[in-house]
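As structure tokens, the structure follows; a few thoughts come after it.
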Amino acid sequence: MELTVNGQRHSLDIESDMPLLWVLRDELGMMGPKFGCGIGACGACTVLIDGVPERSCALPVQYVEGAVTTIDGLSGDGVLTAVQEAWIAEQVAQCGYCQAGQIMSATALLASNPAPSDADIDEAMSGNLCRCGTYPRIRTAIKRAASTQSARS
Amino acid sequence: MASVGKIARRTFLIGTAAIAGGLAVGAYAYRRPPDNPLAARADDGEAVFNPYLTIAPDETITIFVPRAEMGQGVSTTLAALVAEELDVSLESVVVEHGPASEAYANIAMLEDGLPFPTYDESTIATIARSGVGIAGKFLALHVTGGSSSTVDAFEKMRQGGATAREALKQAAATRWGVQPADLETNAGSVRNPSTGETLSYGTLAAEAAEAPVSRDIPLRGPEDWKLLGKSQPRTDMRAKVIGAPIFGVDVAQPDMLHATVRINPHFGGGVLALDTEAARQIRGVHSIIEIDHRLGRGFAVIADNTWRAFMAADAVAVEWEKPNSTLDDAAVSELLAAAVGAGSRDVMRDDGDTDIVFADHARDRIVEAEYHVPYLAHAAMEPMNATARFADGKLDLWLPNQAPNLIQAVAAAALDIPTADCTVNTTSLGGGFGRRVEPDVAVYAALIARETGGRPVKVIWTREEDIAHDYYRPAATGRLRAALGADGLPEALDIVVAAPPIFSPMASRFYPSISLPGPDKSIVDGAFNQPYAIANYRVAGVKADIGVPVGIWRSVGNSINGFFHECFMDELAASSGMDPLEYRLKLMASYPVATALLEKVADMSDWRSQPAEGRARGLAFTLSFGTWVAEVVEISRDDRGIRVENVWCAADPGTVLDPGIFEAQMMSGIVFGLSAALGQEITLSEGRVQQSNFHDFDALRIDRCPAIHVEILQNAPRMGGAGEPSTPPVAAALGNAIFALTGERLRRMPFTHDVTFV
């Protein structure tokens, strides 16, 4: 089985129904996407497939058609993205466990909608659970990232 | 009395000789006792100053945080305590979890466990608090909990930094032949202002760690603080935004296997039959073993990949014993009702003579109500997990946990090895909320590691296993009654709360031979210790033994009684036709810390003005973990349901060490409490839990999260905690807002039994 993750191609001898999350974590050693629920309900495992956010814990690897991006591959050469920078500026993370998924969802949102409204943010981000309650700062950080991105472009 | 004095003195001597927690940090540098948990670091060439600090010749300054980082920011705030006195920036240090050690005993947590309210400055309360310090060192619980991390560390870790700084100055003074008092420290160097010469800490560290220094170095006051009292960027924020492998589930060891467990979901049940034939055919399965321990019985699958272990566990045909098949929600309600009505009571507050007031009081001036809360799961985002390696008779554990030296003892006992042969490495915690104090996950991992021929094994539970095997926030029933006086205020208040006890069963999970007799403070916490002046005020708890495992859940008993007490206060104000704010201002008039907070939250929420059309506000107050908190919740309603729009929170922890992190903790506790109020409930059938994952045990999501506004006051005379105190009032404030909007009084959580939220 062939899989492209963060720009690198991998040949894997694995079961076709293994969820993408476990291929990434246990077979490829990419620990960015997190296991939270196994049923696509919490978003901790969110990755991008051709830029679209997907819950990797409930996605059999055989259905992956396209390039996978995990948070491990988001910032090349240690340069953080506008979303990651905004997360630091707003000091969003608490325990941090859900934040990889939050950042991937926010990244996808801003890629398709450079100036999201509150309602857009709620809709795009409500699949990502945070038990620490970082939502108010997530909202602020997404808006900050949106304005930096628009200033850069 | 003479014998008491003797015992206390003896305990004190044992305490100081055996361990070096508390105020004995300075002595560490001087006497270098053998049990410094960092002593082995000296073999790697680091200078070991005290349990909180090492400095390497290459200038690496490592600060060891004695509490677990679970989002509450201890790896920033506690590190800042050392850095402040050491004159180094937070950016220039490495922060690690300290290893399991008695040197990191949590004294403040035990102090808060005493049956004295925070505002009680009586002689007996003061004596008891100081006594706990001594006993606490003896007990030496290396535990993160009770919102006690900053309170406990405040003196100790600043002293750790200050003694090291003075030792570094001493070493430089010796080299230069000058007096240490003539030197200054800045940014990791000692400087001689008269010559302009500098020596870096790394250069001086080896000599400094041998230098004798005074134990009585004065600590800097807030006026001199450069880091403390100001918001600091978290030391672990970058790691968390790049997805760095810092959590328990991310642990990787050479040649590691993967495993999962299935424990009988019927409480206390064993395995009747196990057929592993099909499961063993699954690719990558290494072995399937039975787990038989007092904490749980079931089986584990060991494989070469987590998912394969999950699949194989599903393929095992198991017949569970069902020891308590009649236990369900109806049975719980009946047991609680029976206990609250007729159970043996532990009276924890008894001002005046409550019975006499009620006996003579006009019936129509008596208000009575019964409140109920359900069991709740912690559901931390990171499912339970632990990695274990058992080789050459030694057990190494890596896991996110809140109680390393307790877990060390129980895991070692499970393998029948000396405690000293078990090492506990604490990773970052993907949420804790009290669940990660428990030893079960480490015990199962240890038992599994015994079967892998020395190979390390990472054990990850499914979310379903996590929900089915929690130590739940207890269900509880409260009966409250008040006799209202002519002024509308309560002349007498009588509260009885029935709930399963937490602390005795919890202690026996760690030490099976221990039973804790006497009252369980958690049953009445948040009700018996509130600063309301009511002449006849009685609060009693009843231990209701139900058979569901319970444990500490963010804010513990306060999560129950904050709701009971503060909704009932609102009922009393409404019965008297008085404003809930003015009502509380009158009842707490003798506590200026409380009234200042109430005024603050009233200002923030514009309480004294009419809410907008279709909106209403509710107010609640709880003093818990030493921090005074007043909250106002504002809701709106349309034809789809009720929406929580705003939460205003005014909190007074006495001294705030990091306002940004403190604010985040208040927000966090509010969202945690709202999650419970807006739908969380663990229900039971046939002696097991019915919920299994986030589809039926969800939490607040961003689309329902209100705007949250936090202000901090610092009037309280003693320092309080941050992790838990904002949780207790929020459900009550919401319930009171719903009453203000709809006229309907909700006395049962979650509120989704009665209203719809949008």
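All figures in this text were calculated on a predicted structure; none of them were measured in a lab. Below, chains carry the letters A, B, ... as their sequence lines are ordered, and counting in each starts from 1.
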Decide whether a cation-pi geometry holds between B:R701 and A:Y135; the criteria are a distance under 6.0 Å from NZ or CZ to the six-membered ring centre and an angle within 45° of the ring axis. no
Go through it in stages, so that I can follow the logic: the residues are A:E15 and B:W307, the test is side chain to side chain contact (heavy atoms under 4.5 Å, CB included), and I'd like the CA-CA distance, side-chain angles, deciding distance and then a yes or no. CA-CA 10 Å; A:E15 300 89 316; B:W307 180 75; 4.2 Å; yes
Under the side chain to side chain contact (heavy atoms under 4.5 Å, CB included) rule, what do B:I702 and A:I121 come out as? Steps first, then yes or no, please. CA-CA 8 Å; B:I702 197 169; A:I121 292 172; 4.2 Å; yes
Electrostatic pair B:R238:A:E85 at N-O distance under 4.0 angstrom: no
For A:D13, is there an ion pair with B:R283 - N to carboxylate O distance below 4.0 angstrom? yes
Could you look at A:V92 and say if it's the side chain, the backbone, both or neither that has a heavy atom under 4.5 Å from chain B? backbone
Top of B:E382, B:M256, B:E69 for chain A proximity - count of heavy-atom pairs under 4.5 angstrom: B:E382
Between B:M311, B:E663, B:K458, who has the most heavy-atom pairs with chain A when the cutoff is under 4.5 Å? B:E663
Name the region of B:M70, side chain, backbone, both or neither, that has any atom closer than 4.5 Å to a heavy atom of chain A. backbone
Heavy-atom pair count under 4.5 Å with chain A, highest-scoring of B:M667, B:H258, B:E464, B:H695: B:H258
Side-chain donor/acceptor of B:D703 to backbone N/O of A:S126, under 3.5 Å: no
Whatever's closer than 4.5 Å to a heavy atom in chain B on A:N128 counts as backbone
If you count heavy-atom pairs under 4.5 Å between each of B:L429, B:I246, B:I708, B:I661 and chain A, which one has the most? B:L429
Show your reasoning for whether salt bridge (charged side-chain N to carboxylate O under 4.0 Å, His left out) applies to B:R234 and A:E90. CA-CA 11 Å; B:R234 291 189 190 229; A:E90 297 297 335; over 6 Å; no
For the backbone of B:Q665 and the side chain of A:Q94, can you confirm whether one donor and one acceptor N or O come within less than 3.5 Å of each other? no
Quick check: does any side chain N or O of B:R463 sit under 3.5 Å from a backbone N or O of A:G36, one acting as donor and the other as acceptor? yes
With a 4.5 angstrom heavy-atom cut-off, could you sort out which part of A:L21 is near chain B: side chain, backbone, both or neither? neither
Would you say A:R131's side chain and B:H378's backbone share a donor-acceptor pair under 3.5 angstrom? yes
Can you list the steps and then say if B:M381 with A:C130 is a side chain to side chain contact (heavy atoms under 4.5 Å, CB included)? CA-CA 7 Å; B:M381 287 305 301; A:C130 172; 5.9 Å; no
Below 4.5 Å from any heavy atom of chain B, which atoms of A:I88 appear? Answer side chain, backbone, both or neither. both
Within-4.5 Å side-chain heavy-atom neighbours: B:D698 and A:L129: yes
Identify which part of B:Q232 has an atom lying under 4.5 Å from any heavy atom of chain A, answering side chain, backbone, both or neither. backbone
Expected output: side-chain B:K240 to main-chain A:C95 donor-acceptor under 3.5 Å: yes
State, yes or no, whether a side-chain contact exists between A:P136 and B:C705 at a heavy-atom distance under 4.5 Å. yes
Going through the distances and angles, do A:K34 and B:D250 end up as a side chain to side chain contact (heavy atoms under 4.5 Å, CB included)? CA-CA 9 Å; A:K34 296 292 186 269; B:D250 302 330; 3.3 Å; yes
Under 4.5 Å from any heavy atom of chain A, what part of B:T306 do you find: side chain, backbone, both or neither? both
Is the shortest heavy-atom distance from the side chain of B:R704 to the side chain of A:D122 under 4.5 Å? no
Under 4.5 Å to a heavy atom of chain B? For A:E123 that would be neither
Test side-chain contact (heavy atoms from CB on, under 4.5 Å), reference B:V241, set A:Q84, A:Q99, A:Q102, output is A:Q84
For the ring pair B:F247 and A:F35, is the centre-to-centre distance below 6.0 Å? no
A:E65 atom CD, neighbour heavy-atom count above 12 within 6.0 Å: no
Where does B:P706 contact chain A at under 4.5 Å (heavy atoms): side chain, backbone, both or neither? backbone
What residue in B:G432, B:P233, B:G431 has the most heavy-atom pairs under 4.5 Å with chain A? B:P233
